[in-house]
Structures are given as structure tokens and as C-alpha cells.
Amino acid sequence: MDEYRNAEVTHDGAEASDDVVGGQATVQLVYRPQPGDTLVGLRVRERIRRTGLLLRGAFLALWIAHWLFVTVGRGSADVVSTVALLFVVLVLGGYPRLQAAHVQKTVGWQGEYRATVSPAGLTCGSDHSTMVQKWSVVRGYRETAGHFVLLSRDPGIMCLDVLPKRGLAGPGDVDRLRAVLDRHTVRV
């Protein structure tokens with residue numbers, strides 16, 4: 001399929017993504033991060049954490065109540081209050097996209113990423129950096145249509161690892177990756 005990259009073939013004809021460490025499968029991904037990847041991760045985190053959604057909802061409700069109070073009090077809509085309300089709606093609705101764009105600026109310049117998911121944990125690197133995480137720092141994962149999102153164990157879920165399925169060598173690797181994740185962490 002076009003959405004999967006071509007797997008590298010080693011000298012013995014086996015695919016490089018079929019590595020085995022200690023008798024257990026290791027799954028490799030190669031991808032270039034995109035803003036949509038980060039946006040998926042942020043949305044998953046917000047659905048689990050819910051605090052951000054509640055705060056943004058409360059803030060929006062206060063602005064709407066203020067606008068209604070001013071409009072009813074004057075008998076007509078105030079232009080400044082209406083423009084301010086529209087601005088708040090745009091900012092609150094667009095905040096996840098702004099945050100994803102900021103993250104993209106941070107990681108996008110590093111080019112292609114290579115992630116390895118193994119019994120030892122997750123290793124993610126580019127030509128400029130490498131990060132190694134043991135399974136003990138992962139709270140769990142959630143699978144979406146195009147991604148696996150790993151969530152950190154800290155209370156605020158400040159670290160996300162978004163593994164796009166397009167980075168896998170082929171469709172069979174999706175099941176292998178899911179099996180490794182199920183073996184070492186839980187679905188949340």
C-alpha cells in the first residue's frame with residue numbers, strides 16, 4: 001500500500017522491521033513528523049485529561065454570559081463585545097492547532113525520525129537527537145485510525161509519543177506493534 005514505506009531488505013532477504021530482541025518482536029518506524037500527528041496526540045491527551053476541555057469550556061461560557069449580559073442590558077449587540085467574543089471563540093477553537101504548529105517548529109527541522117518499539121521500551125531518534133524511554137514511564141496508549149499515541153505516566157501527561165502508522169513497513173506491522181504495546185502497557 002502507498003501509505004506504508006518500503007521495508008529495507010537485509011542481506012539474508014529478511015525485512016529489517018522483523019528484528020527480534022530476546023525472542024520478542026521489535027517494530028521499527030521511519031517517518032517525518034507532521035502537524036497532524038501532533039494534533040492527534042494533543043486531542044487524545046485532552047480526551048483523557050479533560051482538564052483543558054473543562055477550563056476552555058468554562059472560559060467560553062463566561063464570555064458568552066458576559067456578551068449576553070451586555071447585549072440584554074443595552075438592548076442591542078455591542079460591536080466591541082461581539083468582536084471580542086468572536087476572537088475568544090477563534091482562539092479557543094484554534095488553540096490545539098496553534099500548539100501543534102509550535103511543536104512542529106520544534107521537531108520538524110530535524111527531518112526523518114526512526115522509532116524502535118521493543119521489549120526494552122521506545123527509542124526515538126533523528127540525525128540530531130535520540131530519546132530512550134523504558135516502559136515504566138508510559139501510562140498506556142491509545143490507537144487512532146492513523147496513529148498509536150503513547151502517554152506519559154506523569155499527572156499532567158506532559159510527554160506524548162505519537163507513532164504514525166504510515167511509518168511502518170507494511171500493514172502486518174500494525175498488528176505486530178499493537179501486540180508489543182499490549183504486552184508492555186495498557187490501552188487507555
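The aromatic rings of Y141 and F148 are tilted relative to each other, their planes meeting at an angle between 30° and 60°. In this pair, W135 and H184 present their aromatic rings parallel. The plane angle is below 30°, not in the 30 to 60° band.
To the nearest 0.5 angstrom, L160 atom CG is 12.0 Å from R142 atom CZ. Residue Q133 holds its CD atom at 5.5 Å from CG of L122, rounded to the nearest 0.5 Å. The distance from the SG atom of C124 to the OH atom of Y31 is 4.0 Å, given to the nearest 0.5 Å. Once rounded to the nearest 0.5 Å, the distance linking OG1 of T71 with CG of L85 reads 9.0 Å. Rounding to the nearest 0.5 Å places OH of Y113 at 5.0 Å from OG of S126. Between C159 atom SG and M131 atom CE the span is 5.0 Å, to the nearest 0.5 Å.
Annotation: side chain of L168 is in contact with side chain of V27 (closest heavy-atom distance under 4.5 Å). Taking 4.5 Å as the limit, every side-chain heavy atom of D127 sits out of range of all side-chain heavy atoms of Q110. For the pair V137/S152, no side-chain contact is recorded, criterion being any heavy-atom separation below 4.5 Å from C-beta on. Residues P119 and T26 meet the side-chain proximity criterion, which asks for heavy atoms closer than 4.5 Å. Side-chain contact check for L163 versus V117: some heavy-atom pair is nearer than 4.5 Å. R187 places a side-chain heavy atom less than 4.5 Å from the side chain of D182. Using a 4.5 Å cut-off on side-chain heavy atoms (C-beta onward), V149 and D161 make no contact.
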Atom pairs and distances, donor-acceptor, side-chain atoms in residues 47-65, under 3.5 Å, two or more places apart:
residue	atom	partner	partner atom	Å
R49	NH1	G156	O	2.7
R49	NH2	E46	OE2	3.3
T51	OG1	R49	O	3.4

For a side-chain contact (heavy atoms from CB on, under 4.5 Å) check, start with the C-alpha distance between E143 and R178, then their side-chain angles and the critical distance, and finish with the verdict.
CA-CA 9 Å; E143 183 177 359; R178 188 180 302 114; 2.8 Å; yes
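Side chain of T38 to main chain of A100: no donor-acceptor pair is present (N/O by atom type, distance under 3.5 Å, no hydrogens or angles). Looking at R139, its side chain never comes within 3.5 Å of a backbone N or O of L151 through a donor-acceptor pair. Distance alone, capped at 3.5 Å, is enough to place a donor-acceptor pair between the T106 side chain and the H102 backbone. Side chain of R153 to backbone of S136: a donor-acceptor contact under 3.5 angstrom is found. At least one donor-acceptor pair closer than 3.5 Å links the side chain of T82 to the backbone N or O of D78. Between the side chain of D173 and the backbone N or O of R176 there is no donor-acceptor pair closer than 3.5 Å. Formation of a donor-acceptor pair under 3.5 Å by the K165 side chain with backbone atoms of G170 is not found in this model.
Taking hydrophobic clusters as Ile, Leu, Val, Met, Phe, Trp and Tyr residues chained together by side-chain heavy-atom distances below 4.5 Å, V89 does not share a cluster with V91. Linking Ile, Leu, Val, Met, Phe, Trp and Tyr residues whenever their side-chain heavy atoms come within less than 4.5 Å leaves V70 and W67 in two separate clusters. Under the 4.5 Å side-chain heavy-atom criterion for grouping Ile, Leu, Val, Met, Phe, Trp and Tyr, L181 is connected to V138 within one hydrophobic cluster. No single ILVMFWY cluster, assembled from side-chain heavy atoms under 4.5 Å apart, contains both Y95 and I157. The cluster map of Ile, Leu, Val, Met, Phe, Trp and Tyr, joined by side-chain heavy atoms under 4.5 Å apart, puts L29 and L150 in the same cluster.
Looking at Q104, R166, R32 one by one, the single match for side chain to side chain donor-acceptor pair (under 3.5 Å) with D37 turns out to be R166.
Shown here for G93 and P96, the closest heavy-atom pair between the two residues is O-CD, 3.7 Å. When all heavy atoms of V162 and G41 are compared, the pair lying nearest together is CG2-CA, 3.8 Å. Nearest approach of P33 to V107, heavy atoms of both residues: CB-CG2, 4.1 Å. Between A25 and V180, the shortest heavy-atom contact is O-CG2, 3.7 Å.
If you chain together ILVMFWY residues whose side-chain heavy atoms come under 4.5 Å of each other, V79 ends up grouped with V83.
With sequence neighbours excluded, no residue forms a side-chain hydrogen bond (donor to acceptor under 3.5 Å, both in side chains) with T185.
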